Amino acid sequence: MEAGQEINHHPHAKFKDTMTTEATRIGLLSDIHANAVALNAVLDDMEPVDALVCAGDIVGYGPSPQACLDIVRDREIPTVVGNHDREVVRGMTWESGDEYARRVLSTDDIEWLGELPRELRLFDERLKIVHDHPDEQDRYTEPADFAPTLLEDEDVLVLGHTHIQHTETFDDGLVINPGSVGQPRDGDPDAAYAIVDLANLSVDLCRVPYDIERVQQRIAETAISDRNGDRLTLD
């Protein structure tokens with residue numbers, strides 16, 4: 001087991017078949033960033049939903065890429081590729097958490113990351129997921145940029161990348177950033193996620209505290225920069 005790895009302790013079937021077209025309540029994850037302590041806290045805190053989806057960046061920054069990847073893969077959570085996922089696949093890592101993930105993940109895991117799509121349309125194409133911006137890869141979609149023009153035919157657009165939890169409701173649908181599970185940057189260190197209800201197009205933005213010091217200690221046990229631990233409370 002890799003240094004700092006968290007064991008997946010969620011064998012219970014709290015979530016239904018993720019690909020059913022009858023799903024109405026969808027749990028939204030994004031920017032997990034190899035923080036298994038935060039991810040497990042989110043899964044424990046989340047009310048029962050019909051499905052889970054992820055807006056990318058499973059890896060990067062944090063100390064538990066393997067554990068987080070195992071959770072997402074074991075649950076068969078529909079996921080789009082994030083910029084850190086892509087960097088780990090390419091081997092063009094620019095930060096220490098990416099380098100660590102590249103070193104400890106198996107070839108099969110890296111290949112799986114490489115097969116993640118840029119976007120997904122799910123639940124009769126009512127929900128669209130991209131990591132960054134629907135029109136431009138790696139472009140940040142800040143809360144001030146949320147606009148009805150981001151929507152096409154979908155009712156709900158889910159974005160990540162900024163680590164800022166935010167949602168806007170327009171006549172044509174919802175734009176949602178569920179925030180970052182593993183490294184929020186919106187002034188609240190608690191792990192972020194969201195639940196959207198496709199039946200009435202409503203969304204709940206949720207936060208849950210987790211043991212940040214535990215993650216910081218695990219980072220200190222690896223070659224990952226201490227800055228990646230410090231920013232769990234500073235950003």
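Note that this is a predicted model, so its numbers are computed, not measured.
Shortest non-hydrogen contact noted between Ala55 and His131 is O-ND1, 2.7 Å. Considering all non-hydrogen atoms of both residues, Ala194 and Leu205 come closest at CB-CD2, 3.9 Å. Scanning all heavy atoms of the two residues, the minimum distance from Arg102 to Val88 falls at NH1-O, 2.7 Å. The two residues Ser225 and Ile219 have their closest heavy-atom pair at O-CG2, 3.6 Å. Contact between Tyr210 and Pro189 at its shortest, heavy atoms only, is CE2-O, 3.7 Å. Counting all heavy atoms, side chain and backbone alike, Ala38 lies closest to Gly182 at CB-CA, 4.2 Å.
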Check: Does the side chain to side chain contact (heavy atoms under 4.5 Å, CB included) test come out yes or no for Leu28 and Tyr193, once each step is laid out?
Finding: CA-CA 6 Å; Leu28 309 180; Tyr193 68 96; over 6 Å; no

Next item on the list: Step by step, work out the side chain to side chain contact (heavy atoms under 4.5 Å, CB included) result for Arg25 and Val196.
Entry: CA-CA 6 Å; Arg25 284 174 55 81; Val196 64; over 6 Å; no

Next item on the list: Please lay out, stage by stage, how Thr141 and Val175 fare under the test side chain to side chain contact (heavy atoms under 4.5 Å, CB included).
Entry: CA-CA 10 Å; Thr141 309; Val175 180; 5.7 Å; no

Item checked: Working for salt bridge (charged side-chain N to carboxylate O under 4.0 Å, His left out), residues Arg73 and Asp108 -> CA-CA 12 Å; Arg73 294 190 68 175; Asp108 177 70; 2.8 Å; yes

Next item on the list: Determine, stepwise, if the pair Lys128 / Asp153 fulfils salt bridge (charged side-chain N to carboxylate O under 4.0 Å, His left out).
Entry: CA-CA 9 Å; Lys128 177 180 174 180; Asp153 297 329; over 6 Å; no

Note to self: Please determine whether side chain to side chain contact (heavy atoms under 4.5 Å, CB included) holds for the pair Arg118 and Val80, giving the CA-CA distance in whole Å, both sets of side-chain angles, and the decisive distance to 0.1 Å.
What the structure shows: CA-CA 5 Å; Arg118 164 154 164 70; Val80 295; over 6 Å; no

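With rounding to the nearest 0.5 Å, the separation of CG in Asn177 from CD in Glu142 is 9.5 Å. With rounding to the nearest 0.5 angstrom, the CD atom of Glu221 is 5.0 Å from the CD atom of Gln217. Atom NE2 of His166 and atom CG of Leu159 lie 11.0 Å apart (nearest 0.5 Å).
Under the 4.5 Å side-chain heavy-atom criterion for grouping Ile, Leu, Val, Met, Phe, Trp and Tyr, Ile164 is not connected to Ile176 through any hydrophobic cluster. When the side chains of ILVMFWY residues are joined at heavy-atom separations under 4.5 Å, either directly or via intervening members, Leu174 and Phe170 end up in two distinct hydrophobic clusters. Val130 and Ile77 fall into different hydrophobic clusters, defined by Ile, Leu, Val, Met, Phe, Trp and Tyr side-chain heavy atoms under 4.5 Å apart, directly or through other members. Taking hydrophobic clusters as Ile, Leu, Val, Met, Phe, Trp and Tyr residues chained together by side-chain heavy-atom distances below 4.5 Å, Ile58 shares a cluster with Val42. The cluster map of Ile, Leu, Val, Met, Phe, Trp and Tyr, joined by side-chain heavy atoms under 4.5 Å apart, puts Val208 and Val49 in the same cluster.
Between Arg207 and the options Asp45, Asp190, Asp186, a side chain to side chain donor-acceptor pair (under 3.5 Å) holds for only Asp186.
Taking the side-chain contact (heavy atoms from CB on, under 4.5 Å) definition, one finds that Glu213 meets it with Asp211, Gln216, sequence neighbours left out. Here Glu99 pairs with nothing under the side-chain hydrogen bond (donor to acceptor under 3.5 Å, both in side chains) rule; sequence neighbours left out. Arg103 meets the side-chain contact (heavy atoms from CB on, under 4.5 Å) test with Tyr100, Ala223; sequence neighbours excluded. Judged as a salt bridge (charged side-chain N to carboxylate O under 4.0 Å, His left out), and not counting sequence neighbours, Asp226 has no contacts.
Screening residues 88-97 for salt bridge (charged side-chain N to carboxylate O under 4.0 Å, His left out), with sequence neighbours left out, gives Glu87-Arg90. Residue pairs meeting the side chain to side chain donor-acceptor pair (under 3.5 Å) criterion with at least one member in residues 195-205, sequence neighbours excluded: Asn200-Ser202.
For the pair Val89/Asp85, no side-chain contact is recorded, criterion being any heavy-atom separation below 4.5 Å from C-beta on. Put simply, the side chain of Asn228 reaches to within 4.5 Å of the side chain of Ser96, judged on heavy atoms. Considering only heavy atoms from C-beta on, Leu113 comes within 4.5 Å of Leu69 through its side chain. Here the side chains of Ile129 and Leu122 are in contact, with some heavy-atom distance below 4.5 Å. Counting only heavy atoms from C-beta outward, the side chains of Asn35 and Val181 never approach each other to under 4.5 Å. Contact annotation: the side chain of Gln137 approaches that of Asp132 to within less than 4.5 Å [non-hydrogen atoms, C-beta and beyond]. The side-chain heavy atoms of Arg185 and Thr162, taken from C-beta on, include no pair separated by under 4.5 Å. Looking at heavy atoms from C-beta onward, Val156 lies in side-chain contact with Leu198 at the 4.5 angstrom threshold.
A donor-acceptor pair shorter than 3.5 Å can be found between the side chains of Asn83 and His161.
Formation of a donor-acceptor pair under 3.5 Å by the Ser64 side chain with backbone atoms of Ala67 is not found in this model. Under a 3.5 Å cut-off, the side chain of Asp50 and the backbone N or O of Thr24 do form a donor-acceptor pair. Of the possible polar contacts, none joining the Gln165 side chain to the Ala192 backbone as a donor-acceptor pair under 3.5 Å is found. Using a distance-only test at 3.5 Å, with no hydrogens or angles considered, a donor-acceptor pair links the side chain of Asn40 to the main chain of Ala36. Looking at Ser180, its side chain does come within 3.5 Å of a backbone N or O of Asp31 through a donor-acceptor pair.
Using the six-membered ring where Trp is involved, His84 and Tyr61 have ring planes that are tilted, between 30° and 60° apart.
Between Glu154 and Arg121 there is a salt bridge, with a side-chain nitrogen of the basic residue lying less than 4.0 Å from a carboxylate oxygen of the acidic one.
Ring pair His133/Tyr140: centre-to-centre distance not below 6.0 Å.
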